[in-house]
Amino acid sequence: MSPADFAVLLTIVGSIVLFGGAAVLALGWAFRSGQFDNLDRGARTIFGPDEPVGQPTDAFPGGDPGR
Amino acid sequence: MTNPPPMTAPERERAARERGAIDLSCRGPVLYLATSGVFWLLVGTALAVFTSAKLHTPALMAQTPWLFTGRPRMAHLQAVNLGWASLAAMAAVVWLTSRLCRVPVAFPALLYAGGTLWNVGMVLNVGGVLAGDARGVEWLEAPGYAVPFLVAGVGLVSAWTAATFGRRRERHLYVSQWYILAAVFWFPWLYTVAQLMVFGLPGLTRPATGVVQPVVNWWFAHNFLGLWVTPVGLAAAYYIIPKVIGRPVHSYYLSIIGFWSTALFYSWAGMHHLIGGPIPAWLSTASVVGSMMMFIPVIAVAINHHMTMLGSFHRLTYSPALRFTVFGAITYTAVSFQGSVEALKDFSEVAHFTQYTVAHAHLGLYGFYTMTMFGLLYYMVPRLTGREWLSPLLIRIHFWCDAVGITWYFVALSVAGWWQGRMLNDPRVPFGDITEYVLPFLFQRTGAGVLIGLGHVAFAALLVANLGGWGRPRPGGPTYFTGPAAVREGSTTPPPGPLPS
């Protein structure tokens, strides 16, 4: 095996370990830290008291956002 | 589920102030990234229309070396994908990360530096390609001297995203954030590995040889779409659609399944570009399987976006952001289904190496991604500048030019490509006949390109006007509704739960 082949192999195997490993670690962390415990609440995190659920937030300039 | 108590006025005001402060801190870096992205979009569109015209009128400016057919074509690909798509992605990453982590932008210098490095890289890239320095690998045409700037630029933006994520005040990772974190983690790696393996480091390492080169080439090209722009586009859609219509995602569970199945399957799919090519058969077969598995995330996203919108489709009349985003989301479903089917070997026998593939690629990067990014910009920019868009008419012109333009483009080239493929497979059809058959469709492509370009000019005019101070100040600042009409008291929809600390 030439050094060039070895470098290619190292890149591929290294990538598999690093990126596959990162995905596994991220999923493990997500479970442990309770990211998936309350999905209903999770879906509502982008809303707030100022822009609550049930309130459309965009309109053509000068227009009504509709209902 | 019990309804949480209604929010009091001070709570509403505090939340609005927080959101306003975050948007204000984003203003400089995000507008810089977005505006330079739109600049590259205009450059890329001009190059596209010119290249398209060259295909049916080859004598056009044939004496100008830097406008030989090949060069503007490669420059177009680099300008729209690494220029527009990537800069728009970075703008989306910064704004969405700040909002979803609920922290104002810290270290803005990192973002300015990253954006500037990327723009310098793009000038060298597009300029170098036109000057004749392109490297003959599709999607990796950027000259060697432009690449370090690009890698360093996106590296800084990724580092900023990681740092901001570390400082987050919102404990929950919204689904958009999963997509964004994955995209900024994957893309610098993809680009670096593809460069190292296809070209090597000059003087230090040698490039991979033989079939590994095209394999890496198409692994990168496909993953540029799948692991960089698609996650950012979906992150934007998962944020904009619920925010605009004021309704949480239909099934948050499905959205998470969609993310993780994308992460698992998308990177397998690249080799379907080499079906019938000189690579080991098992490689392309594995990619066909990966492409089929993509039905899982795509169906998850499709169900979610459709069910979230159900009952709110009339709002497309009222909201420009929603109109563009939903056009993009529907196209995402269509183009992904088409892509999976296209990967089948029997289908590839006809469609491969024809205009059909070109139509598909544009449906993905334009119909889905670019339209979704327009939706994001229509929502985001007024909240950053504090000014409304100048003209509803120009917005409508933009939408209809682009929507009709890309539909026309797609239909014309799909029809042309399919029959082109059928004829190419029939040895009795002379090659000249096939060229003549395709020719009228190539004229149509230029027509569609001009229409799309008109839309872009309308959008650029709106953006310049907004940045230049034309347009009514937004009532209530960055948050949409803080006035008395803000919250309909006694509304049947329960207000959201208290903000997590």
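Just so it is clear: chains get the letters A, B, ... in the order the sequence lines come, proteins before strands, and each one is counted from 1. Both backbone and side-chain heavy atoms feed into the values below; hydrogens, waters and symmetry mates do not.
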Surrounding CH2 of B:Trp268 (heavy atoms of other residues, nucleotides or ligands, distance under 6.0 Å), is the total greater than 12?
no
What's the verdict on side-chain contact (heavy atoms from CB on, under 4.5 Å) for A:Thr45 and B:Arg102, showing C-alpha distance, side-chain angles and the deciding distance?
CA-CA 10 Å; A:Thr45 50; B:Arg102 289 181 45 226; over 6 Å; no
In Å and rounded to the nearest 0.5 Å, what is the OH to CG distance from B:Tyr379 to A:Asp58?
6.5 Å
Looking at side-chain heavy atoms only, is the closest gap between B:Leu322 and A:Pro56 below 4.5 Å?
no
Identify which of B:Trp389, B:Trp260, B:Trp186 forms the greatest number of heavy-atom pairs closer than 4.5 Å to chain A.
B:Trp260
Looking only at heavy atoms, what is the nearest atom pair of A:Pro61 and B:Glu388, with distance?
CA-OE1, 4.1 Å
Using non-hydrogen atoms and a 4.5 Å limit, figure out which bit of A:Leu27 sits close to chain B: side chain, backbone, both or neither.
both
Smallest heavy-atom separation, A:Ala22 atom then B:Phe185 atom, equals CB-CE2, 3.6 Å
For B:Trp470, does the CH2 atom sit with more than 12 other heavy atoms under 6.0 Å from it, leaving out its own atoms?
no
Find the distance between CZ (B:Arg171) and CZ (A:Arg41) and round it off to the nearest 0.5 Å.
6.0 Å
Checking B:Ile245 against chain A: side chain, backbone, both or neither under 4.5 Å from a heavy atom?
backbone
Quick check: are there more than 12 heavy atoms from other residues, nucleotides or ligands sitting under 6.0 Å from CZ of B:Arg206?
no
For the side chain of A:Glu51 and the backbone of B:Ala16, is there at least one donor-acceptor N/O pair under 3.5 Å apart?
no
Correct closest heavy-atom pair for A:Pro49 and B:Ala15 would be CD-CB, 3.5 Å
Work out which heavy atom in A:Gln35 is nearest to a heavy atom in B:Leu173; give both atom names and the distance.
OE1-N, 2.8 Å
Is the count of non-hydrogen atoms from other residues, nucleotides or ligands lying under 6.0 Å from B:Gln213 atom CD greater than 12?
yes
Check whether NZ of the Lys or CZ of the Arg B:Arg323 lies under 6.0 Å from the centre of the six-membered ring of A:Phe60 and within 45 degrees of that ring's axis.
no
Between B:Trp189 and A:Phe19, how do the two ring planes meet: parallel, tilted or perpendicular, split at 30° and 60°?
parallel
I'd like to know if the side chain of A:Thr57 and the backbone of B:Lys243 have a donor-acceptor N/O pair within less than 3.5 Å.
yes
Atom CD of B:Glu170 and atom CD1 of A:Ile46: how far apart are they, to the nearest 0.5 Å?
11.0 Å
Closest non-hydrogen contact found for A:Phe47 with B:Arg19 is C-NH2, 4.3 Å
Region of B:Ala263 that comes under 4.5 Å of a non-hydrogen atom in chain A
neither
Contacting moiety of B:Ser267, where chain A heavy atoms sit under 4.5 Å
neither
Take B:Glu18 and A:Asp50, measure what side-chain contact (heavy atoms from CB on, under 4.5 Å) needs, and give me the verdict at the end.
CA-CA 10 Å; B:Glu18 182 194 272; A:Asp50 59 329; over 6 Å; no
